[in-house]
Amino acid sequence: MDKKVAELLNEQVNKELYSAYLYLDMANFYSSKGLDGFANWYEIQAKEEQDHALLIYKYLHNNSQTVTLGAIGKPDKEYKELADPLKAAYEHEQYVTGLINTIYAAAQAVSDYRTVQFLDWFVKEQGEEEKNSSDLITKMELFGGDAKGLYMLNSELAGRAYSAPSLQI
Ligand code: FEO
């Protein structure tokens, strides 16, 4: 594997674990506010991010690459309003899409089509995650303004169930 592509994938393992930590911190914020449904949504999001990290980790090992695990940063976002984590999540997913696109472009540049094909799943996943996080902001704006609406939204988010990623390595 091209050295630069391997490095970027290795860094992405760390970024996905940081994402998991960031989402756990969002769950933490909502738990402290008594919004268990919102907390559930982000706990599951944190699990999905761990899955992403593991998929890339395994892909690197399956391609005879050495993986180096670095320190995971402290979640450093401050939340005041109930909508703040929703906005931060959307911004974060847009950032992650940019990271995936950078690895994709690097793999394409060296004709590493195996990695391109592997990353196709992540490209699609990012599209879904951006949509989900953007939809949540819209719902909060529409319904989150009064106690009844917030209760309903919290109940909806409590219904999210974890499912393993559709990509298997
Ligand atoms: Fe692993 Fe939310 O992207």
Side-chain angles (χ1 to χ4, degrees), residues 1 4-31 35 37-63 65 67-79 83-108 112 114-140 153 156-169:
M1 188 184 289
K4 181 73 189 162
V5 172
E7 270 174 22
L8 288 171
L9 284 167
N10 197 144
E11 281 170 22
Q12 194 61 28
V13 173
N14 184 280
K15 306 263 190 200
E16 299 289 343
L17 290 171
Y18 173 75
S19 298
Y21 214 28
L22 186 68
Y23 285 128
L24 187 63
D25 195 41
M26 292 181 188
N28 187 28
F29 171 79
Y30 285 120
S31 270
L35 289 167
F38 283 77
N40 173 63
W41 178 276
Y42 284 111
E43 281 169 21
I44 289 170
Q45 196 59 41
K47 278 189 202 159
E48 286 200 356
E49 300 301 346
Q50 287 180 57
D51 289 339
H52 297 168
L54 202 60
L55 284 167
I56 299 168
Y57 164 91
K58 283 189 181 168
Y59 178 77
L60 284 165
H61 276 294
N62 288 353
N63 285 276
Q65 300 300 307
V67 179
T68 306
L69 298 175
I72 302 166
K74 181 181 190 296
D76 54 0
K77 295 190 193 296
E78 294 285 330
Y79 309 121
D84 288 350
L86 308 180
K87 292 174 189 162
Y90 182 45
E91 278 171 23
H92 184 69
E93 286 307 330
Q94 289 176 304
Y95 163 70
V96 174
T97 296
L99 296 174
I100 298 292
N101 287 348
T102 297
I103 311 172
Y104 200 100
Q108 266 189 333
D112 179 358
R114 185 187 304 157
T115 298
V116 166
Q117 198 177 44
F118 168 69
L119 289 174
D120 276 337
W121 183 87
F122 285 84
V123 171
K124 191 159 171 279
E125 179 76 3
Q126 282 312 121
E128 287 171 15
E129 297 207 331
E130 279 192 40
K131 183 183 184 313
N132 288 341
S133 51
S134 168
D135 284 354
L136 263 184
I137 295 171
T138 306
K139 283 184 184 178
M140 191 66 165
L153 195 49
E156 182 189 322
L157 298 184
R160 183 182 187 186
Y162 169 77
S163 59
S166 56
L167 178 66
Q168 299 296 327
I169 296 270

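All values below were derived from every heavy atom in this structure, side-chain atoms included, with hydrogens, water molecules and symmetry-related copies excluded. Order of listing sets the numbers, starting from 1, for every ligand and every atom in it. Treat the numbers as computed from the prediction; the structure is a model and nothing was measured.
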Over 60° means perpendicular and under 30° means parallel, so tell me whether Tyr23 and Tyr42 are parallel, tilted or perpendicular.
parallel
Please work out whether the ring planes of His92 and Tyr95 are parallel, tilted or perpendicular, with thresholds of 30° and 60°.
tilted
Tell me, yes or no, whether the heavy-atom count around Phe118 atom CZ, taken from other residues, nucleotides or ligands under 6.0 Å, exceeds 12.
yes
Protein N/O/S atoms closer than 2.8 Å to atom 2 (Fe) of ligand 1:
Glu49 OE2, Glu93 OE1, Glu93 OE2, Glu129 OE1
Quick one, Thr115 with Tyr59, criterion side-chain hydrogen bond (donor to acceptor under 3.5 Å, both in side chains). Give me CA distance, side-chain angles, the key distance, then yes/no.
CA-CA 9 Å; Thr115 298; Tyr59 178 77; 2.7 Å; yes
Are Gln126 and Glu93 close enough that a side-chain donor and a side-chain acceptor fall under 3.5 Å?
yes
Quick check on Gln117: does its CD atom have over 12 non-hydrogen neighbours (other residues, nucleotides or ligands) under 6.0 Å away?
no
